[in-house]
Every structure is written in structure tokens, then in C-alpha cells.
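Shown next, in C-alpha cells, is the structure this report addresses.
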Amino acid sequence: MAHGVQKRAIVFVANGTEEMEAVITIDVLRRAGIQALVLAAEISTGHVVCSRGVKLVPDAYLGDDSVKITTYDAVVIPGGAEGAATLSENPQVRSILADFYAQKKLVAAICAGSLAIKAAGIQTKVSQPLRLTSHPSVKDQLEHDFLYKDERVVVDGNLVTSRGPGTTFEFALKLVSILAGEDKMNEVATPMMLA
């Protein structure tokens, strides 16, 4: 992926999204100069209530005419059982995931968010099983359709997946590395005491 132009990423949220996975990812992307759009699904106004009661006000809502989905370089699905289920079941989200993957744009999911990758049918579009990981609680729903890995962050082409709240910094920094380069990733990681 080219590193000259400012990159743009969509981070989906819904009621029940895991707040650490969403906010850490959004924050790290923004620290790297990547425009991270917080896009809510299933609500059209107000805030989402995350899995531990934290309220997030999205930048936009899925279906807003002002959001030009095709102009983004990456899409991210955080976990949280309820939020991941909502995103996985949303036909627009599934379509966006499948379209981004087909266009070789970055598709990323963490924790139970990996279920949205399966729901989008991405695994049916490739000749070899995709490598993927998730929170262990949903492994049994993924291991028959993917080459499941018990690793903290897994990259397979333009698909990046990770395990849960404790792996979110690694996950977000991997996204920065892919979208903005290794130097930018190190520049962001050092002041956060991660390098």
C-alpha cells in the first residue's frame, strides 16, 4: 500500500462494541496521521453504549450520504460479543468488508469481530484457506472455515486479525505499519512506551 497520501480508515462501532479495541485502534491510527472515521451501525443518531458501558459518539452513521465509503483504504471491526454480532448481521457491513477485501484494501478485525469476516463470505473468495485469529471464545465458529492461528496478530495478505483487548496495541500498530509504513509505526509506538 502506498505511503505518500494520507490514508483513511473506517472503524465500525455498534452497541456492545468492546471499547478498548475500538478506542485504542482509533487513537493509534489518528496518532499516525491516518484519518479514522468512527462509523456507527444500527443507530442513526446519538451514541453507542459499549460492552462495559462506555458511551462513544460516532463521527457518522452507516447510511449517511456524506460518507463516501469507497474513498477509504481500510475497514476495522472491533470485538465485543454484542457489537460483533450486530456488525456481522448487518448486510451493508458485510458488503463493505467483501468489497474492500476484493479491492485489496485493508480489512481488519479483532476479537469476536473476526466473525464478521466469516459473515462477509471472504473465505469463499480464495482458493487457499485464509489465516486468521480471534478471541478464543469464538474459535470454534471459525476454525473450520479458516486456517486458525493461536497468535496475537495474524496477517494474511490484506486481512489482519487479532485476539482481544490485550493485543489491541499490537493490532493497531500493525495497521499503521501497513497503511503508513514501519517508520511511522515506530514514531507512534515510542512515545506511547510500546517500543
Side-chain angles (χ1 to χ4, degrees), residues 9-26 28-29 38-43 48-54 56 62 74-178:
I10 294 166
V11 180
F12 275 110
V13 295
N15 286 319
T17 289
E18 209 296 324
E19 43 271 78
M20 288 174 60
E21 295 163 1
V23 173
I24 290 169
T25 301
I26 294 160
V28 171
L29 292 173
V38 182
L39 188 58
E42 302 295 325
I43 65 168
V48 298
V49 179
C50 293
S51 62
R52 304 302 180 274
V54 172
L56 295 179
L62 189 59
V75 60
V76 181
I77 305 289
E82 180 188 348
T86 297
L87 296 173
S88 295
E89 294 164 7
N90 184 293
Q92 280 184 279
V93 172
R94 290 194 312 256
S95 177
I96 291 164
L97 289 170
D99 290 349
F100 272 50
Y101 187 80
Q103 294 169 29
K104 305 287 189 238
K105 293 182 177 185
L106 188 62
V107 175
I110 185 167
C111 194
S114 292
L115 293 171
I117 304 303
K118 179 179 176 180
I122 290 171
Q123 71 280 7
T124 67
K125 309 293 185 213
V126 294
S127 58
Q128 298 293 320
L130 288 168
R131 293 185 313 276
L132 163 140
T133 196
S134 70
H135 192 273
S137 66
V138 298
K139 177 180 180 175
D140 64 331
Q141 297 174 61
L142 296 164
E143 64 186 344
H144 301 294
D145 296 296
F146 297 90
L147 185 56
Y148 194 90
K149 299 289 184 182
D150 289 315
E151 297 171 11
R152 294 175 66 80
V153 177
V154 174
V155 178
D156 191 342
N158 57 315
L159 177 64
V160 180
T161 53
S162 190
R163 309 278 307 205
T167 64
T168 306
F169 279 108
E170 293 165 67
F171 171 72
L173 288 169
K174 177 55 74 177
L175 301 181
V176 169
S177 174
I178 293 167

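Interatomic distance, Leu130 CG to Ile117 CD1, rounded to the nearest 0.5 Å: 9.0 Å. Atom SG of Cys111 sits about 10.5 Å away from atom CE of Met20, to the nearest 0.5 Å. With rounding to the nearest 0.5 angstrom, the CG atom of Leu97 is 9.5 Å from the CG atom of Asn90. Atom CG of Leu106 is separated from atom CZ of Phe100 by 9.5 Å, given to the nearest 0.5 angstrom.
With Ile77 as the partner, the side chain to side chain contact (heavy atoms under 4.5 Å, CB included) test is satisfied by one option alone out of Leu87, Ile110, Thr161, Ile10: Leu87. Test Lys118, Arg131, Lys139 against Phe146 for side chain to side chain contact (heavy atoms under 4.5 Å, CB included) and you get one pass: Lys118.
A distance-only check finds no donor-acceptor pair linking the side chain of Arg52 to the backbone of Glu18 [under 3.5 Å]. Using a distance-only test at 3.5 Å, with no hydrogens or angles considered, no donor-acceptor pair links the side chain of Thr17 to the main chain of Gly80. Judged by distance alone, with hydrogens and angles left aside, the side-chain atoms of Glu21 form no donor-acceptor pair with the main-chain N or O of Pro78 at under 3.5 Å. Proximity of a side-chain donor or acceptor of Glu19 to a complementary backbone N or O of Val54 within less than 3.5 Å is detected. At least one donor-acceptor pair under 3.5 Å links the side chain of Tyr148 to the backbone N or O of Ser134. Between the side chain of Thr86 and the backbone N or O of Glu82, at least one donor-acceptor pair lies under 3.5 Å.
Among residues two or more places apart in sequence or in another chain, the salt bridge (Lys or Arg N to Asp or Glu O under 4.0 Å) test is passed with Glu151 by none.
The two atoms that bring Ala14 and Ala41 nearest to each other are CB-O, 4.0 Å, heavy atoms only. Across every non-hydrogen atom of Ala98 and Ala120, the tightest pair is CB-O, 3.9 Å. Val126 and Gln123 get closest at one heavy-atom pair: CG2-O, 3.6 Å.
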Compile the donor-acceptor pairs under 3.5 Å between side chains in residues 165-176 and protein atoms, sequence neighbours left out, one pair per line.
from   : atom 1 : to     : atom 2 : distance (Å)
Thr167 : OG1    : Ser162 : OG     : 2.7
Thr167 : OG1    : Arg163 : N      : 3.2
Thr167 : OG1    : Gly164 : N      : 3.1
Thr167 : OG1    : Gly164 : O      : 3.0
Thr168 : OG1    : Gly164 : O      : 3.2
Thr168 : OG1    : Pro165 : O      : 3.0
Glu170 : OE1    : Arg152 : NE     : 3.1
Glu170 : OE2    : Arg152 : NE     : 2.7
Glu170 : OE2    : Arg152 : NH2    : 2.5

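Within the 4.5 Å cutoff, the side chain of Leu132 has no heavy atoms near those of the Val154 side chain. Residues Phe12 and Ile96 form a side-chain contact, since some pair of their non-hydrogen atoms from C-beta on lies under 4.5 Å apart. In this structure, the side chains of Leu56 and Val38 stay at 4.5 Å or more apart for every pair of heavy atoms. Side-chain contact between Leu115 and Leu142 is present, with at least one heavy-atom pair separated by less than 4.5 Å.
Checking Asn15 against Glu42 by side-chain atom types alone, no donor-acceptor pair falls below 3.5 Å.
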